[in-house]
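All remarks here apply to the structure that follows.
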Amino acid sequence: MPATKVAAQDALGRVQAALGDKAVEPQVNFGQVDIACAPEHLVEVASILRDDPGLSCRFFTFLSAVDRSEFGDEGQGLEVLVHLYSPDHVLHVNIHVPVNPAAPVCPTLTGVFWGASWHERETREMFGIHFSGHPNLTNLYLPEDFEGHPLLKSFKLPSRLIKEWPGAKDPDEAAAGGR
Amino acid sequence: MAVAPGVRDASEVAEEISSGRLVTEEMLLNVGPQHPATHGVFRLLATIDGEKLVDAEPVIGYMHRGYEKLVEQRDYRQITNLVSRMDWLSNIQNELPLAMAVESLMEIEVPPRAQYLRVIMCELNRILNHLMFFASFGAELGAITPTFYAFREREDIQMAMEAATGGRMHFGFFRPGGLKEDVPRGFIAQALKGVRQVIDRLPDYENLLLGNEIFKQRTIGVGVLEKEVAYSYGVSGPIARGSGIDFDVRKDEPYLVYDQFDFQVSTAPNGDCFDRFWVLVHEVVESAKIVEQAFEGLPSGPVMGKVPRVVQAPVGEIYVRSENSLGELGMYLISDGDRRPYRLKIRTPSYNNVSALGHVLRDTFVSDMIAILGSFFFVLGDIDR
Amino acid sequence: MPEIALTAWQILLVKVLVILTIVPVGALAGGYAEHKVMAHLQHRLGPMYPGGFHGWATTLADGLKFLYKEDIVPDAADRKVFSLAPAAIFVPVLMIYLVIPIDRNLIVEDLDVGIFYLLAVGSISTIGVLMAGWSSANKYALIGALRSAAQLIAYELPIVLSAAVVAMYAGSLSVIDIVEKQNFPFAIWPPGIGLIAFLVFTTGAVAEMTRVPFDMPVAESEIITGPFTEYTGMRYIFSHMFAEMGHMVAFAGIGVTLFLGGYKPIIPWSPLEVVPGVIWFGLKFALMIFLFLWIRPTFPRVREDQLQKFAWKFLIPVSLVLVLAMGAWVLYV
Amino acid sequence: MAVDERKLSDARKLSDARKSGFGLGLLKGMAVTLKHLFKHNTVIQYPDEKQDLPPRTRGVIALKEENCTVCMLCARECPDWCIYIDSHKETLPPKRAGGRPRKRNVLDRFAIDYSLCMYCGICVEVCPYDALFWSREFEYSEYDIRQLTHEKERLADWMTTVLPPPELEQGADLPGQPAAAAASATVEATGARPANLTSSAVEARPEQAATAPREGSFTTEPARPASSLPPQEQKRETSPEDAQPAPGLDTEVKAAQGLPGATTQPEPEVTLGAGRAAESVTQPADTAQVGSDATSAPEGQPPQKTPSVAAEPAVTAAEPVSQAGLRNLGGQAPVARPSTEPAGVAEDPEAAYRRVLQEQASRGSSPQVAEARAKVARVKAERGMARTATPAPATAPVQSAPQATPTEPEPSGAPEAQGPAPEPGPVAPTADEDRTDG
C-alpha cells in the first residue's frame, strides 16, 4: 500500500481524538507528534496508537529513556521515551513517560510490541528503570556484575578522568580534565 | 545377556524406540561468539534436537562500546567521526542523520551541491554494503566464489570513495552544514565506472547464486518472517521489504534530494531468505540508477552552508531518520545548547532486525540457521553500538 | 638390457613403495592444483611466492608447517580413538591405489574382484570419520561425524550401482578387463546409459569426498570442518587434507578407469595408439580432476536432509534403472 | 543502458526467479566461473606492487614543524587525546630599536600516539597554520606499542611523502572566492609563507589559500590573539579574519560575479522542513549571467564536444595566471560545463520535461532513463534551478605545470554520450588491462 503522508496538524488532531486526556501536552515538534503520558497509561496508549485505523502506528521504532537531571539550570526528571511510527500514514509519535527518578518503574510494552523486549532490557541496564511485567529482564549488553547505570548523568566516564587532558594550555586546565 | 549397571539392554532400547517411549535429550549448542557464520562477535544459544533447532536465543553485547555515552563527551564534529564506526559497512550513511539533525536544529541551509554529493555517496555506500552481504551470504551457504567477485566490484567504488574522503572504511566526510570538502577531480568518472561495472556484471552473479537450484533449495521457504511480526519488531530495510513491506524512508519521507530521482522500492512478498536476498541484489540496481541521475544533475557551487565557527545546536529535540543500507537509522537528538549533545539516542537498524531473529529461527534446521543468519544482513557494530 | 630377476616379494615391495610415494605426492599436487584452479576460477592468482615459480611449493610448505605444529589432544577426548582415527581414515585411501591401472602393465595388483575391492576399501574411511567425531568430545564434531556417516552410506550405493553397470557391460570385475572391453569410453558408449552412469558416479564421488556441494559434514561456515574441528598439525592434514585430496585423486582414477577408457585413446583409432597409455590416462585424469575442482567454487552446499533425499529418492532409483537398462542392453544388443 | 533495461520490482520476475530451472541454473553458474578462468586478473601482489593511493588518503600525519605555533588546537580538538605538545615561551629581541621585546612559543615536543589515533583527520582540518598534513604512507607497524608514538622528528620525516591536494571536481566552489578582497589577502598571505616547504605544491593547498572553507569549518576555540604571533604568522593570521565576509555578503558578492553559489539556491530540508520557513531568495543577477553564458554551451551538443572554441582558450589562459598565485579567482574564464539544456531563463517545467524527453529519445536512451531525466529537468525548472551552463569557475589547477594540456571538463552530462575514456583523475585506478595474469 503506498504511504500517504498526513499533515502534522492533522496527525495531532487524530492523536488527540484517539487518546483523549491520556495524552498530556500534545504538540507538534519538527513534524512529529509529541505526547506525554503517565506510566500507568502507557500500555493503553501504545495499544490505541497501534490499533486505531486513523493512526495505525504499527512500526515499533525504539524505546529508550532520557535522564534530564542536568538539563537546563534546574534540571528535570527521568523519562522513558517511546517512538512509534505509522508506515501507512507516515506519522511519528514520540511518547514521553516521566517516571519517578527515586524508584523508576514503568510497565512493559512487550505485550504490545514484541520488539520492545530488547529495548527495555537495554533501558533497564543503562538507566536502571524497571519494566514491570517483562518476561526476561536481564542484562543485554553489560556483564551481570556491572555496577551502576552508565547512561545516567551521574555516571561519569572514567576514561576521561584518569588521563590528563593533553590539550590543556596551563596546569589549571589540565587539572580540570579539559572539557 | 550381562549388561553393566546403568546401561540398558539393546533389546530394551529397541523396544523403547519402536513403542515411541524413548526419551531423547536436547542438546545446547553454542554458536559463537567466535563462529564463521556470525561475522562478528555474536552468540546464538541454540537448543537442538538432532538437526532440528528447537529454540534459539541471540546473545549480543560482545562489542558494546557505549556510543550513547561517548557522544555526550564529544562535540558534533568528533561525533561524526565516531558514528562513522558504528556500522562499518555503511559508514557514510551513519553520519547523515547526525548532520541532518544538527542542521535542522540550527536551521542551516545545505547547498544543493552538497546534498547531491551526499546522495551520491550514500548510494555508493549502499552498493558497497549490499555487495558485501551478497558475498557473505554466498560464503555462508558454501559458495565461496561470490566473495571474490563482489570484492573486485567493490574496489572501484571503494577507490572513488577513498579519493574523495581519504578513508577506505571510515569516511568522516559529512559535517553539519555540508561536506568536509569538495570531491577531487576524477571522482565522477571513477565512481561511474565502478557503478557501471557492477551493473554490467550483476547478471553473471545472479546466474551464479540466484539462479542456482541448490541456492533456491536452501533459501526458498526458509526462515519466513511474517509482515506483522516484522512491524512488531520494528524490522526495516531490505529484510522488511523482503517480507512485502513497502517501507523506505527515501520514498516515504524524502530527505536530501531523493524526491528528485526516479527509483523504485524493491519489495518481495514471501518473506523468506530468497526474497530478502532478491531485494538486496535488486537494490544495488536502484542505487546505481540514483547515482547516475545524481551525477547528471549535480549542480555546481559550494559544499558547505553558512555555519558558525562553533557548532552549538540550540535547545531542542528532534528525531531524524534516514534509510541506511540495512534499514531505518534514526537519531533522537536532545540539545541543551551546548557544543555537545545532551543526549543522542541512536536507533540502529540491525538492532531491531536481529531482535526478530529468535522468532524466525524457531523450528528450523541447523543448516537453515546459517542461511537465516546470512539473510538477516546485520553488522555487529551496529547492533552493539 | 640385462634381465633383472626379482622375486615376487621384491616386486611387491617396489610397487608398495611406489604407491606410498605417489599418494602423498599426488595429494600435494592435487592440493596445489586446487589452490591454483580455484583461484583462477575466482579471479585471483592463488599462491605465488613459495618455491618461486607461481608458488609451486605451496602445499609442500603447508605440509611442513603442519609438521611443526603442536599436536593437541583435547582433555575430554578419548585419547586412543582420537589418535587412531586419522590412520583409519587415511590408510583405506592408500589401499584404493592398489588396483588403479595407469597403463596396461602399470598396476600394483590386478585383482579378480577389482571393482568390489575398490568400493569396499573406499568405504572404510567412514568408520574413521565416526571415530574422529565421537572421540573429539565436541558437539560440532559429533554433528559432523553423524552427518558424515549418513552421507557416506547414502552415496556409497549409487557409486556401487553405477560401477555394477560398467561391470555388466564388461562382463568382468577385473579393472584391466573393464578397460580392455571399452572400445569407446563407457561414458560415450553405450549411448545414454554410459553417460548417465558417469554422472551418477561423479555425483556420488563428490559426495564421498565431502566436497561442495555435498560438504555438509565438514561445512566450515556451519560446523567448522565437523569431525576434524579438534585436530591439529599432522593429524589434521592426514585426516582431512590428505584424505580429501587422496580421495579425489583416487576417485578421478576410478572414474577414468571405469568410464573414460583408462589408458586407451579417447577414440579407437590406431594412429592414436602410438601415444603411450600413461599420457592418455594422465589427460583424462586431469580432466576429471578439473571437473571436481570446477564444481567446488561454483555451488553452494546442499542441506543435510536435501542431501539424503537426493541420494535415496533420486540417485539410487536412477542407478537401479540403469542396471536394468544395462541388463537389457547386454541381453539384446 | 544496463541499469534501466531491468524492470525490477516486477512480481513476475521474482516468481520466475523462484521457479526451479531443472539444473540449468547449475550449468549457468559453471559457465560463469569458467568464464573467469580466462579473464585477466586484477589482483595486486601487495608487497611487490602497490596500489596508487589517492592524495587524500589518511595514512599517517606529517608535521611541518616550522609552521606550528603551539596553538594547541589540534590537541584540544583531538577526540582521542592522542596528541601531546610541550612548549616554552621564548623572548625575542624587539624588531626595531626601542620596540617591545616579543614573545614566541617554541615547540619542544609534538607527538602523536598512533595506537590511540582514530585517523579522523580533525587535527589536520583544524590546524590554522598548516602544520599538519596527511600522507599516504601506512607501513609503520611496530612490534612494540610504545614505538607507535611518533615524536616530532619522525612526524617531520613524513613531510617528504606528503602529496599536493588533488584538483577539485568540475563545478566545485573555488577556494578564496567569496570576496575579491579575500583573494588578494590570500595571495599576500601565501606569498609570505616560509619558502622552505618540502613540496612547493603543498603551498597551494586550498585550505591555505582559502578563506572560504575556514568560514565553513568550525573550530570550537577562537583563534588566538594575533599579538602573540611572530611576524609572518601575524600576517597570515589576519587573512582569515579579514576575509570573513559578513553574513549575507557572501551571496551578494557571488551574485555580482555570477558565481554558482548564487545561482543555485539552497533548498529547504525536505524531511525536517516542517518546523521552519523555507527561505528562497531569487537573485536577479543569475538570469542575466546564465543568459550570457549560453553562448559557450550550445544546445543539445554531446558533452564531449561542448568544450568548444569558447571554452578552451579560456582554460589555457587561466592556467599561467593561477600558476602565478591564484589571482584569477574572479568570474573570468568560465569553463563551459557540458550541458544538454538550453540556457533559457525560466523555462516552463512542462516544456523542459518534453524537451528532455525528446532529446533522450533521439539519443536512443531507454524509455526509463529518458523519463527519469525528463522528470529531473521538470523538477529543476520548477525550482528555478537553472542547471544550464553554470559558469563553473576555472578550477585553479594547483600544481599543473605550464606545459600541461588544458584540463578537460569533466563529462558530467548524459552518461551514454560520455567519451569512452574517463578523464585520468588523480585516482588513476588500476585498470583490468594493466594487469596480466601471473
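In this text the structure is predicted, and so the values were computed from the model without any measurement. Naming convention: chains lettered A, B, ... in sequence-line order (proteins, then strands); numbering from 1 in each chain.
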Exercise. Should we say atom NZ of C/Lys69 is surrounded by more than 12 heavy atoms from elsewhere, each under 6.0 Å from it?
Worked result: no
Problem set entry | Derivation and outcome, side chain to side chain donor-acceptor pair (under 3.5 Å), residues B/Tyr149 and B/Arg201 | CA-CA 9 Å; B/Tyr149 294 170; B/Arg201 290 173 181 168; over 6 Å; no
Which one wins on heavy-atom pair count under 4.5 Å against chain C: [options]?
{"options": "B/Leu208, B/Leu29, B/Thr147, B/Ile48", "answer": "B/Leu29"}
{"options": "B/Ile144, B/Val366, B/Leu373, B/Asn30", "answer": "B/Ile144"}
{"options": "B/Ala139, B/Gly374, B/Ser367, B/Ala371", "answer": "B/Ser367"}

Problem set entry | Contacting region of C/Asp215 [heavy-atom separation from chain B under 4.5 Å] |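 For C/Asp215, no heavy atom lies under 4.5 Å from chain B.
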For this session: Please look at C/Leu41 and chain B and tell me whether the side chain, the backbone, both or neither of the residue comes under 4.5 angstrom of a heavy atom of that chain.
Result: backbone
Exercise. Does the side chain of C/Tyr140 pick up a donor-acceptor pair with the side chain of C/Glu230 at under 3.5 Å?
Worked result: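 Absent: no donor and acceptor within the cut-off.
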Exercise. Is a side-chain N or O of B/Gln217 found less than 3.5 angstrom from the main chain of C/Gln306, in a donor-acceptor match?
Worked result: no
Exercise. Does C/Tyr231 have C/Arg235 sitting over its ring (NZ/CZ under 6.0 Å from centre, angle to axis within 45°)?
Worked result: no
